[in-house]
Number of protein chains: 2
Amino acid sequence: MERRRQARGERRMAEILDAAADAFAELGYEKASTNAIAARAGISPGSLYQFFPSKEAVARALADRFVADMTTAHASAFGGADVAEMDLGELLDRVVDPLVAFNLANPGFKALFARPDMPSALAESSQPIQAAMLGQVEAILGARTPGLAPADRARSARVLVRIFQAMTPLVTAAAEEERPAEIAELKRVLGGYLTSLSG
Amino acid sequence: MERRRQARGERRMAEILDAAADAFAELGYEKASTNAIAARAGISPGSLYQFFPSKEAVARALADRFVADMTTAHASAFGGADVAEMDLGELLDRVVDPLVAFNLANPGFKALFARPDMPSALAESSQPIQAAMLGQVEAILGARTPGLAPADRARSARVLVRIFQAMTPLVTAAAEEERPAEIAELKRVLGGYLTSLSG
DNA sequence: TTCAAACGCGAGCGATTGCTCGCAAAAATC
DNA sequence: GATTTTTGCGAGCAATCGCTCGCGTTTGAA
C-alpha cells in the first residue's frame, strides 16, 4: 500500500529519521518515545504517523539508511584491493577505522546495532544491519582462510562481529585522548583471533 | 530504617529474588514488570513492596546474591593454585568453565550483567557484579603480566570482561551440541588477547 | 490472653506509552 | 476554479508501568 509522496513529505521523513537517531542515541530505543521523536523533529505525534505506521517502522527505516551509508563506506575502503594478500595490520585498519568513524559520526547507530539483548521488535529492525556486517566479514574470511569449513566460517564471522559490537562502546565512550589506545585494543583482539584461526 | 523480619519474611524475600531472576531471564529487565515478578512469586504486588522499596532494589539485591554465589565459585576454582605459573590453557579452563556453568545455571544473571547499554538505574544495580569481575581479572593480570602499567592493566581487564560478556550469550543460546565449539571460540579469543599482551 | 508488629491482599492512582481520530490548511490534479 | 490527496495538528484513548493505601490476617513477645 504505497502512497504518493510530495517532495515536502520525503524531506519530512528524512527529518524524522534524523530525530529518531538523535533520540535513540540519547535515550536508548525503549525510552525514546514516539512523541519525543516527533517533538525533536518539530512536528506533532499525528504527523509522524502519516509517514511511518509504527515506532518499529521508524527503527527499520533508520536501520536501512544506516546499512546503505555503511555499505558505501565499506566499498570505498576496499575499492579493488586484494583482501587475500593484504597484510593483517592493513586489513584491520581498512575495516576497523571506517567503522569506528561511522559509529562516532552516527551516535544513534549503536542503539540499533550494539545490543546483545534486543527486544524482538528491535531485533527484526536491526537484522539488516547484522546481516550486512556478517556478509562482509564472511566474504573476507572466505578470501583469507579458504581452509575453513562453512559452518566454522559462519561461527567465526559471528564471533568477530560480536567482538566489534561489544568493544565499540568502549571506544566511543572513551575520552578523546584515550581513544587511540582503545582502538588499538580492539584491533589487537580482532587480530589475535584472526591469527589463531590461520595458524 | 531496618525493620524486623520474621523467618517467613526472609523466605519470601528469597522467593521474590528467584521469581525476579526468572522474569529478568525471560523478559529482560525493563519488560519484567513488578506485578509480573510478584505473580511469579505467588504473591500480590503490595506484598512485594513490603520487602523491597522499589524495582531497582529488587535488582540490586539479586545482583548482590549473584556476586556472593559467583565469588565462592571463583574461590573454589582457584583454591591455592599459582596463577602466575599456570599454563594458559589451564588458566582459561579454570576461569571460563565455572563462569559458563554459572551463566547456564542462572539464566537471569546475564540480564543484569551482559548489557552494554544499561539504563542508569540498572547500571547502579549491576555495578557490584562489574566491580567483582574486574577485580578478579585485574588480580590475574597482575600476577601474569607484571610488566603492564596500571592504566594498561585496567584497560585490559575491561577488555577481557567485555569480551566475556559479549560472547556468553553466544554460548548460552547455542544448541547443546554446538556449545563446546562456542566455548572453544570464547577461550580462543581470550587466549589470543592474553598472548598478545605478554608477547 | 492481649496487642503491636509483620505479613498479605488487590483495587486502583498518577504517569507514560504507542498510537488514533476528527478536522483544517496546503498542494497537486483535473 | 473545483476536487482530491497529502500534509499537519494536538487532544486524548486504551494499555501498561511502578507503586500506594486501606484493611484484614497471622505471628511472636509479654
Side-chain angles (χ1 to χ4, degrees), chain A residues 1-20 22-24 26-62 111-112 118-125, chain B residues 1-20 22-24 26-62 111-112 118-125:
Chain A
M1 275 300 164
E2 283 281 299
R3 86 186 281 175
R4 204 156 163 274
R5 297 271 172 226
Q6 304 178 355
R8 200 173 76 227
E10 305 272 5
R11 253 179 282 129
R12 273 272 185 260
M13 291 180 75
E15 288 169 11
I16 291 170
L17 293 187
D18 292 342
D22 261 21
F24 289 159
E26 187 172 328
L27 309 167
Y29 178 77
E30 343 254 8
K31 313 277 283 190
S33 71
T34 53
N35 285 21
I37 294 172
R40 274 167 201 245
I43 62 175
S44 77
S47 292
L48 186 150
Y49 284 90
Q50 295 263 344
F51 300 102
F52 298 99
S54 68
K55 180 179 178 177
E56 193 200 337
V58 174
R60 203 163 33 230
L62 182 60
L112 289 178
M118 306 235 180
S120 50
L122 184 53
E124 199 177 330
S125 302
Chain B
M1 275 296 167
E2 282 282 301
R3 87 187 278 176
R4 189 143 177 285
R5 296 273 172 223
Q6 304 178 352
R8 197 171 81 231
E10 305 272 6
R11 254 180 282 130
R12 274 271 186 261
M13 291 179 75
E15 288 168 11
I16 290 170
L17 293 186
D18 292 341
D22 262 20
F24 289 158
E26 189 172 328
L27 308 167
Y29 178 78
E30 343 254 8
K31 312 277 283 191
S33 71
T34 53
N35 286 21
I37 295 172
R40 275 167 200 246
I43 62 175
S44 78
S47 293
L48 186 149
Y49 284 90
Q50 295 261 343
F51 300 103
F52 299 98
S54 68
K55 180 179 178 178
E56 192 199 337
V58 175
R60 203 162 33 228
L62 182 60
L112 289 178
M118 306 234 181
S120 52
L122 183 53
E124 199 177 329
S125 302

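Below, read A as the first sequence line, B as the second, and so on, with proteins coming before strands; counting in each chain starts at 1.
Straight-line distance from the CZ atom of A:F52 to the P atom of C:dG18: 15 Å, rounded to whole Å. When the P atom of D:dC13 is taken as reference, atom OH of A:Y49 falls 17 Å away, rounded to whole Å. Taking atom CD on B:E30 and atom C1' on D:dC17, their separation rounds to 12 Å, with Å as the unit. For the pair A:E56 CD and C:dT17 C1', the interatomic distance rounds to 16 Å; values are reported in whole Å. The CD atom of B:Q50 sits 15 Å away from the P atom of D:dT26 (whole-angstrom rounding). In this structure, CG of B:L48 is placed 11 Å from C1' of D:dG18, rounded to the nearest angstrom. Atom CD1 of B:I16 is separated from atom C1' of C:dG8 by 11 Å (rounded to the nearest Å). Put simply, CZ on A:R12 is 6 Å from P on D:dC9, counting in whole angstrom units.
Among the nucleotides D:dT27, D:dC9, C:dC9, the one closest to any side-chain atom of A:S44 is D:dC9. Side-chain atoms of B:K55 lie closest to D:dC19 of the nucleotides D:dC19, D:dT7, D:dA29. The side chain of B:P45 sits closest to C:dG10 out of D:dG18, D:dG8, C:dG10. Across C:dT17, C:dG8, D:dC19, the shortest atom-to-atom separation from the side chain of A:S33 is found for C:dT17.
For the side-chain contact (heavy atoms from CB on, under 4.5 Å) test with B:F52, the passing option among B:L17, B:I37, B:L62 is B:L17; the others fail.
Here B:E15 does not pair with B:R11 in a salt bridge; the nearest charged N to carboxylate O distance is not below 4.0 Å.
Side chains of A:L48 and A:V58 form a contact here, defined as non-hydrogen atoms less than 4.5 Å apart. With a 4.5 Å cut-off on side-chain heavy atoms, B:Q50 and B:R12 do not count as touching.
Along DNA chain D, the nucleotide nearest A:Q6 and the nucleotide nearest B:P53 are compared for position; the residue whose nucleotide lies closer to the 5' end is A:Q6. When each of A:S47 and A:A7 is assigned the nucleotide of DNA chain C bearing its nearest heavy atom, the one mapping closer to the 5' terminus is A:S47. Residues A:S54 and B:G46 each lie close to DNA chain C; by heavy-atom proximity, the contact nearer the 5' end of the strand is made by B:G46.
Using modelled atom types, no side-chain atom of B:K31 and backbone atom of B:E26 make a donor-acceptor pair closer than 3.5 Å.
Residue B:A36 is out of contact with every strand shown, counting any heavy-atom pair closer than 4.0 Å. B:A39 comes within 4.0 angstrom of no nucleic acid atom, judged by non-hydrogen atoms across all strands. Within 4.0 Å of B:I43, counting heavy atoms only, lie sugar-phosphate atoms of the nucleic acid but no base atom.
Going from atom CD of B:E10 over to atom CZ of B:F51 covers 9.0 Å, rounded to the nearest 0.5 Å.
For A:R5 and D:dT7, the shortest distance from a side-chain N or O to OP1 or OP2 is below 4.0 Å. Between A:R4 and C:dA27 there is no side-chain polar atom (N or O) within less than 4.0 angstrom of OP1 or OP2.
Between the side chain of B:N35 and the base of D:dC19 there is at least one donor-acceptor pair of N/O atoms closer than 3.5 Å.
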